[in-house]
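Side chains are part of it too, since the values below use all heavy atoms of this structure and drop only hydrogens, waters and symmetry mates. Counting from 1, the numbers follow the sequence of the chain as shown. In listed order, ligands and their atoms are each counted from 1.
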Amino acid sequence: MLASGTGTNLQALLDDARVGSHVTLVLSDRAGSGALKRAEDRGIKAVHLDPAGYPDRQAYDLALLDLLHPEADLVCLAGFMRILSPPVVRAFAGRMVNVHPSLLPAFPGAHAVTDALAWGVRVTGVTVHMVDEEVDHGPILLQEAVTVEEGDDQASLHARIQAVEHRLYPRAVGLLVEGRVRVDGRVVRLTEGP
Ligand code: GRF
């Protein structure tokens with residue numbers, strides 16, 4: 001798992017019966033991120049990979065690949081605030097997934113919640129998608145709408161979006177772990193079992 005922030009999505013994955021035991025490594029570009037703390041609390045390997053220790057993005061991403069390669073079958077992103085270079089994305093093609101706080105393709109990027117509010121949309125939501133070489137762009141596994149309420153601000157809307165993320169992301173990762181995802185171009189076919 002790659003995360004820079006508070007790690008609530010990591011927590012939702014850890015707490016999920018299908019998915020939790022599969023989380024073996026949490027990696028963050030930020031020291032003291034909540035995600036690292038949550039991993040440590042569970043006894044899961046937690047690594048701070050500090051960008052300051054590398055001359056450029058290529059060197060950083062090579063180090064990231066070295067850490068991921070031996071053990072990661074699937075790489076989950078949640079609020080990882082670095083754009084991954086093509087070699088990393090290609091190494092995990094079809095095996096890298098992200099959760100994003102809007103209904104993509106609306107509002108990609110790091111400010112999806114404030115962008116949705118500024119646009120005045122009445123409905124936004126959550127997208128879980130495969131990662132490809134463009135930001136917030138890959139094939140979509142799951143989406144769910146969240147209504148924008150009168151008087152919403154960034155914090156109130158993001159809180160309702162996150163409540164949906166914490167349900168949707170474990171479901172999507174569970175489908176991947178169980179081999180129930182087929183990607184056909186942009187279209188993802190899911191077989192949800194009993
Ligand atoms: C989530 O809202 C996710 O959609 C976005 O970054 C946030 C990460 O939150 N990409 P957390 O660190 O999992 O709490």
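Contact record, L103 with T127: CA-OG1, 3.5 Å, taken as the closest heavy-atom pair.
Annotation: N98 places no N or O atom under 3.5 Å from an N or O atom of ligand 1; distance criterion only. Note: an N/O pair closer than 3.5 Å links V99 and ligand 1 by distance alone.
In terms of protein heavy-atom proximity, atom 6 (O) of ligand 1 is nearest to G79 CA, 3.3 Å. Here the protein heavy atom with the shortest distance to atom 9 (O) of ligand 1 is Q162 NE2, 3.1 Å. In terms of protein heavy-atom proximity, atom 12 (O) of ligand 1 is nearest to G7 N, 2.8 Å.
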| said: Show, in sequence, the C-alpha distance, side-chain angles and deciding distance for H129 and Q143, and conclude whether the side chain to side chain contact (heavy atoms under 4.5 Å, CB included) test is met. | reply: CA-CA 9 Å; H129 66 94; Q143 285 187 305; over 6 Å; no
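Of the listed residues (R160, R171, R167), just one forms a salt bridge (charged side-chain N to carboxylate O under 4.0 Å, His left out) with E144, and that residue is R167.
Under 4.0 Å from ligand 1, the heavy atoms of H100 that appear belong solely to its backbone.
For ligand 1, the atoms sitting less than 4.0 Å from at least one non-hydrogen atom of E165 are 1 (C), 2 (O), 3 (C), 4 (O), numbered in the order shown with element in parentheses. Of all atoms in ligand 1, listed by their number and element, those nearer than 4.0 Å to a heavy atom of P101 are 4 (O), 5 (C), 10 (N). Of all the atoms in ligand 1, the ones that sit under 4.0 Å from a non-hydrogen atom of G5 are 12 (O).
A heavy-atom separation below 4.0 Å is not found between Q11 and ligand 1. Not a single heavy atom of A35 sits under 4.0 Å from any atom of ligand 1.
Heavy atoms from other residues, nucleotides or ligands lying under 6.0 Å from CD of Q58 number 12 at most.
Note: H100 and Y169 fail the aromatic proximity criterion, with ring centroids not under 6.0 Å apart.
A heavy-atom distance below 4.5 Å is found between the side chains of L84 and L64. Under the 4.5 Å side-chain criterion, counting only non-hydrogen atoms from C-beta, L168 is not in contact with V99.
Remark: R42 engages D15 in a salt bridge, criterion side-chain N to carboxylate O under 4.0 Å.
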